Amino acid sequence: MSQRQILVTSALPYANGPIHLGHLVEYIQTDIWVRFQKMRGHRVIYVCADDTHGTAIMLSARRNGISEEQWIDTINRQHQQDFAGFDIQFDQYGSTHSAENRQLCAQIWQQALSKQLIASRDVQQLYDPEQKTFLADRFVKGKCPKCGAPDQAGDNCDKCGHTYSAIELVDPVSTISGAAPEIRSAPHFFFQLEKCREIVENWIARPGTLQSETANYLRGHFLSDTLRDWDLSRTAPYFGFEIPDQPGHYWYVWFDAPVGYIATTWQWCQAHGESLNDWWRNPNAEIHHFIGKDIVYFHTLFWPAILHTAEYELPTRVHVHGFLTVNGRKMSKRDGTFIRGRKYLEHLQPAYLRYYYATKLGDNQDDLDLNVPEFVEKVNSDLVNKVVNLVARCAKFGAQTGLAAQYPDDEGRFAYAAAQSDAIAAAYDAGELSRAMRLIMELADRANQFVDQAQPWKLAKSPDQTERLRDVVTITLNLYRQLAIYLAPVLPTLQQQSAELLGAELQDWRMAQVPLLNQTIGTYSHFMQRLDIKDVEKMIEETKHENASAAATSDSGAVAPTATVDSDAALLAEPLAAECTIEDFAKVDLRVARIVSAEEVPEARKLLKLVVSLGGDQTRQVFAGIKAAYEPADLVGRLVVIVANLKPRQMKFGLSEGMVCAAGGGGTEVFLLSPDSGAVPGHRIH
RNA sequence: GGGCCGGUAGCUCAGUUGGUUAGAGCAGGGGACUCAUAAUCCCUUGGUCGCGGGUUCGAGUCCUGCCCGGCCUACCA
């Protein structure tokens, strides 16, 4: 087997919030793959970095009253701690806000310019005069120019589906300051991707570059048409790198972020006396990116074009994975399933999650479900009952006898497991971790069968059977050792514990071919505790409470605020409306009402059809956009607040005769208002 | 509306280029054992392979229509 040279990356986490279990799918998947390749004796480096630029970072820093640099430093430290807590081992962890990255971006930019791939033209954009910043689409709200629906973002209307440019919005408002934005024109710099079409097409068509579904998606979605120019610049103020010779213009975060892969490699090279070109301009070196399916677009169209422009090698393979769901549903703050890595580590061992993810991951983009009962069951029955228990049940004898000097006849058991090495390795290499885990568990079953047949506990009772006992121990512990080696990429802690007990390292894949002999055995203490579902539930419960009290922020960003100070994220996301008088307010008749029936509107994505009672025989039919947040059955009977004198509106599914009051940012983040006890249907709210 | 992925035992999934009686783990039932973290081992129940057509000597596997779920995207590749 020839030695491969492999550079591996995971996507750069955005420096705007903590690492959660969804992120960890990717880092654990990558770390397992990297550890495996290292055990195989290949020359591998695993690099990653924080993605630190963009408007969102700027706003987070402002909100916290610190500089952007302070903000990203803090986040970087937290990220690295979180990763270390899950045994994710980078060779280099950097930041896109580094000198190396700035220099590389400038070089690549220069090459793009000299190859005439950059075009400049003026773009009209909304500008917030108070915050003195141009506004990205998601920082503007206004009425849809087509259907007039209020509170629509700057790119499309979620009511009628119309797409438009932010400057077409009627009565736009900056969601950062609440000010009315102005239209300003500014030059922007575009990368002309179409000019690189052939490069990208050939790369995508090359076998092995992409999973077929990704290649299909790109071909159908983008390559069938002219590739649009890509806006690579943003106008000040912006937290990022200023474009050389273009004061006031910054590279868009998605330009400098992937360059961070190279910059971080460079940092590693500097620290280890290696050459960057040996990794990025060496056709014999492999480059593997692990990413989520949400960022395929950036890594498979622009990125190869940019690499080619800068005369770097194109990625060997982009491994795309799906999203994490919990108990079959999207992670949600309301359900307490938006679990931070740090919270997980307060309650549970990293090995549990690493193993569980491994049993669920294949080389595909399917979403991965963290099903809590299944999680507990898999960890307990596979890892604890089968694998760890194998040592536990013979460690006592092992300490007495040690390992024999010659490997006894085991009827081909060790040889069988040694022969599985290639199949297991092939599965790991192909990213088919679930297959690898199945193969390994089959070996664990076989080993336990052996112990049952050999009955060492009986041998231990007769002094004349000491030698046979030693043989049985030798076989069992060697079968176990093979398991520990095969599982080492997933369970580095177990690898270490096993090495200590056996008094010999397990860092090389080939060690599974040769039995360990003539060795004293250490004292065993439990390698792993059983997982109690109560601990998992407790973790989810705590997460739920923290989210509730931390004034859940609208995006995944925002570091948890201190206990006594609520985050201002909600207010920033939706600034105060213009002042109104008491007379204005009096026009709105808010009433307490009781929900008497609630049903799904099957054709509607967001709506529930409610009938509410105002007391007596007064009822109203109301459509409410709360489908994602509430089960109809849970609503019947509860008191809510409605706008009782709202002009009825004919909707696609029927007439809506009012509006149910709720707080929150929409989607699953919807919280109905309820009155304190004592209020009855019909009470007006003053 | 379009695209992609999936629908195999109660649950999670395997089923290689179509080839005998469709498999595993867990759960359920029965038994054994007591070294071990109420762990382990043996036996066992359980499937119209989403539904309907078609190709074939033969279809879970190929073609086609439909149904369901997930994701992506939108005057629409």
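Computed from a prediction, not measured in an experiment: that's the story for all the values here.
No side-chain donor-acceptor contact under 3.5 Å links A/His319 and A/His289.
Enclosure of atom NE2 in A/His347 by more than 12 non-hydrogen atoms of other residues, nucleotides or ligands within 6.0 angstrom is indicated. Other residues, nucleotides and ligands place more than 12 heavy atoms under 6.0 Å from the CZ atom of A/Arg206.
A/Phe397 comes within 4.0 angstrom of sugar-phosphate atoms only, judged by non-hydrogen atoms across all strands, and of no base. When heavy atoms are screened at a 4.0 angstrom cut-off, A/Val388 is found touching base atoms of the nucleic acid. Heavy atoms of A/Met528 sit under 4.0 angstrom from at least one base atom. Counting non-hydrogen atoms under 4.0 angstrom, A/Tyr524 reaches a base of the nucleic acid.
Under the 30°/60° scheme for interplanar angles, the aromatic rings of A/Tyr344 and A/Phe375 are found to be tilted.
Between B/A36 and A/Lys396, a contact under 4.0 Å exists linking OP1 or OP2 to a side-chain N or O. In this model, the phosphate group of B/A39 is approached by a side-chain N or O of A/Arg530 to a distance below 4.0 Å at OP1 or OP2. In this model, the phosphate group of B/U40 is not approached by any side-chain N or O of A/Gln449 to a distance below 4.0 Å at OP1 or OP2.
Remark: A/Lys396 fails to qualify as a cation-pi partner of A/Tyr524 under the 6.0 Å distance and 45° angle criteria applied to the six-membered ring.
When each of A/Tyr357, A/Phe290, A/Tyr428 is checked for a ring pair (Phe, Tyr, Trp, His ring centres under 6.0 Å) with A/Trp33, only A/Phe290 meets the rule.
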Return the polar atom pairs (N/O with N/O) between nucleotides 2-8 of chain B and the protein under 3.5 Å, or none.
{"from": "B/C5", "atom 1": "O2'", "to": "A/Asp366", "atom 2": "OD1", "distance (Å)": "3.1"}

Please tabulate, one pair per line, each protein N/O and nucleotide N/O from nucleotides 14-17 of chain B that are separated by under 3.5 Å, including the distance.
{"from": "B/G15", "atom 1": "OP1", "to": "A/Arg435", "atom 2": "NH2", "distance (Å)": "3.2"}

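Ring-centre distance between A/Phe36 and A/Trp509: below the 6.0 Å cut-off.
Nucleotides B/G7 and B/C11 place their C1' atoms 15 Å apart, quoted to the nearest Å.
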